[in-house]
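Worksheet: one structure, shown below.
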Amino acid sequence: ETAVFQTPNYHVTQVGNEVSFNCKQTLGHDTMYWYKQDSKKLLKIMFSYNNKQLIVNETVPRRFSPQSSDKAHLNLRIKSVEPEDSAVYLCASSPGRNSDYTFGSGTRLLVI
Amino acid sequence: QQKVQQSPESLTVSEGAMASLNCTFSDGTSNNFRWYRQHSAKGLEVLVSIFSDGEKEEGRFTAHLNRANLHVSLHIREPQPSDSAVYLCAVMGSGSWQLIFGSGTQLTVMP
């Protein structure tokens, strides 16, 4: 099956902990993305990774860091989570920057 | 910074009646527009991509783009209860790497 796979589906953690989310795509795409979706369903881009070049959204707090071992994987690490980090994190991939995106089913994070 | 706004925030239609969703954007040089659907607790499914003024049809879904009016709409023909979901408009500006999303329209289709 070719798609974008995210793990875990759901994660609950306490303020100050570190979390990592995994994303893998089997579509052979060159570009991957992380989006954050808040409680009002608004999606905001966090990172894009295209052929080993990382593009960072300047509004993303420094406790967030993407990690990529190859073009099929783009993980997300959050050091010292805060309550406002509670959200759904969506990973996506595309063949190129202007092509259609394929999204994963998301990782829902709850920080208590 | 590109701003994308959707209306209405929520819409209820009867099964079989046309559903129309609206999206306005602020950057008139934008050249890449998409409509996505998101069922509860699931990922996003692309419905229609449109890159030039006019109309683009994909099955029961039709997008209309008018860049002069900074407006793109989605029309759903013969909606069914299974079409109940959040519909998201997304816009990419010329030369940008970011796909900017609107805040969505919650569509409910009543049997």
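In the text below, chain A, chain B and the rest are named by the order of the sequence lines, each starting its count at 1.
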* Structure fact -> If one checks every heavy atom of Leu99(B) against chain A at 4.5 Å, the contacting part turns out to be both
* To do: Using non-hydrogen atoms and a 4.5 Å limit, figure out which bit of Gln38(B) sits close to chain A: side chain, backbone, both or neither.
  => side chain
* Structure fact -> Of Ser49(B), Gly104(B), Gly102(B), the largest count of non-hydrogen pairs under 4.5 angstrom with chain A goes to Ser49(B)
Measure [X] against the heavy atoms of chain B and call it side chain, backbone, both or neither at under 4.5 Å.
X         : result
Tyr101(A) : both
Gln37(A)  : side chain
Thr107(A) : neither
Tyr10(A)  : neither
Lys40(A)  : backbone

May I ask you to decide whether [X] forms a salt bridge with [Y], counting only side-chain N to carboxylate O separations under 4.0 Å?
X        : Y        : value
Arg37(B) : Glu45(B) : yes
Arg63(A) : Glu18(A) : no
Asp27(B) : Lys3(B)  : no

* To do: Mind telling me whether Phe25(B) and Phe33(B) have parallel, tilted or perpendicular rings, with 30° and 60° as the class edges?
  => tilted
* **Ring center gap for Phe101(B) and Tyr36(B) short of 6.0 angstrom** => yes
* Asked: In the single-linkage hydrophobic clustering (I, L, V, M, F, W, Y; side-chain heavy atoms under 4.5 Å), do Tyr87(B) and Val109(B) co-cluster?
  -> yes
* Determine the minimum heavy-atom distance between Ser93(A) and His29(A), stating which atoms define it. => OG-ND1, 2.8 Å
* To do: Please determine, among Leu42(A), Val4(A), Ile55(A), Ile45(A), the option with the most heavy-atom pairs under 4.5 Å with chain B.
  => Ile55(A)
